[in-house]
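Remember, predicted model here, so these are calculated numbers, not experimental data. Along the sequence shown, residues carry numbers from 1. Read the numbers this way: they start at 1 and go in the same order the structure lists the ligands and their atoms. Quick note: numbers below take in every heavy atom, side chains included, and nothing from hydrogens, waters or symmetry partners.
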Amino acid sequence: MDAAVLATAASAAILAGESVRGRTSPNPPVGCALVDASGELIATGATEPAGGAHAEAVALREAGERARGATAVVTLEPCNHTGRTGPCSHALVEAGVGEVVYLTADPNPLAAGGADFLREHGVAVQHMPIRVGALQPWLHAVRRGRPCVTWKFAATLDGFTAAADGTSQWITGAESRELVHEDRATRDAIIVGTGTALADDPSLTARHPDGSLYAHQPRRVVVGSRAVPTGTNLDRLGYEQYATPEEALAALWESGARDVLLEGGAGLAQSFLSAGLVDMVQAYLAPALLGAGRGVLGGPVAATLAEAHRFTRTLVRPVGDDVLIELERSD
Ligand SMILES: NC(=O)c1ccc[n+]([C@@H]2O[C@H](COP(=O)([O-])OP(=O)(O)OC[C@H]3O[C@@H](n4cnc5c(N)ncnc54)[C@H](OP(=O)(O)O)[C@@H]3O)[C@@H](O)[C@H]2O)c1
């Protein structure tokens with residue numbers, strides 16, 4: 001297939017997967033694009049909520065007879081096992097698809113083998129490795145057997161979340177706060193410590209700038225032993241509470257969460273980092289300096305430089321006057 005057509009189809013598949021982030025767990029947010037022999041994009045599909053169709057099935061349904069001889073570009077290797085839906089590899093063969101291009105190999109031993117099945121049934125298969133952002137949390141989760149944890153914080157350039165007198169609102173600008181809400185709407189859960197729950201009375205909802213709620217709301221999770229008082233926003237909206245980070249992640253995993261956001265505060269973030277439970281970092285840094293105040297972490301997470309928690313940078317993006325830096329662990 002022509003390289004430009006393939007690139008366009010891959011972009012369409014990636015966008016389709018991106019559009020369903022936060023609504024597919026425990027399944028991954030996969031996207032699929034079908035292109036006919038003339039290079040025309042004939043259908044796209046994305047994973048439906050758990051129990052619904054996988055991305056390939058959605059695209060095949062939309063394409064109907066036109067799928068015969070088409071090329072399917074899928075962000076994740078088509079699954080080869082029967083869960084709540086039938087194997088995608090079989091559906092692609094039955095629909096007469098001529099070629100399958102997948103961007104990420106399936107790390108799940110239960111579901112892997114789709115590429116082999118397709119080849120055995122006469123379908124040309126190509127692995128075109130491209131990093132698909134929407135799949136990264138799910139890949140981390142499957143590898144570690146617990147939800148992927150993204151630690152998000154907002155700080156001054158020198159790493160403070162509050163000034164020496166305790167003032168902390170607002171460090172970053174409106175655009176950053178808007179992006180945080182948009183991001184929350186793509187997560188399975190938001191976790192905070194009891195310190196934050198008691199000090200800030202947060203709602204932990206995903207809201208549009210006009211205050212209205214996004215269609216998808218993450219679960220609200222508090223970690224710690226202190227009680228959240230009645231009458232607070234969390235009490236009104238409903239939340240789950242767990243005694244430790246490990247207990248919270250185990251319960252979230254068991255109930256299907258794969259992609260969670262840790263929103264602080266400093267004490268809980270220190271605990272998650274020290275326990276090796278932070279997989280990604282989102283740092284919203286304001287062009288401001290304080291020199292003293294409360295740091296992003298409640299205390300040391302390394303005794304010496306050689307023990308510093310190091311990550312791979314995956315994104316640097318200006319957001320209004322701020323800068324968003326995203327990091328991912330590489331082990
Ligand atoms: N700028 C930002 O990005 C940002 C984000 C969030 C919060 N904040 C600020 O941070 C402040 C709160 O920070 P904080 O450090 O006081 O509170 P915190 O981190 O929200 O909560 C600390 C509490 O979490 C629980 N905890 C922590 N590690 C634990 C572990 N390993 N096992 C069990 N429980 C554990 C403990 O609860 P118990 O004592 O109840 O057992 C601990 O007292 C607030 O003022 C808030 O405004 C800033």
*Should we count CG of D158 as having more than 12 external heavy atoms under 6.0 Å?*
yes
*Where is the tightest heavy-atom contact between A257 and R219, given as atom of each residue plus distance?*
CB-NH1, 4.1 Å
*Which heavy atom in A67 sits nearest to a heavy atom in L60, and how many Å separate them?*
CB-CD2, 3.8 Å
*Do Y214 and H181 make the cut of ring centroids closer than 6.0 angstrom?*
no
*asked:* Could you work out, with salt bridge (Lys or Arg N to Asp or Glu O under 4.0 Å) as the rule, every residue matching R329, not counting sequence neighbours?
replied: D279, D331
*Roughly how far, to the nearest 0.5 Å, is CG of L249 from OH of Y242?*
10.0 Å
*Exactly which residues line ligand 1, taking a heavy atom under 4.0 Å from it as the test?*
F153, A154, T161, G193, T194, G195, T196, A199, D200, V223, G224, S225, R226, A243, T244, P245, E263, G264, G265, A266, G267, L268, S271, R294
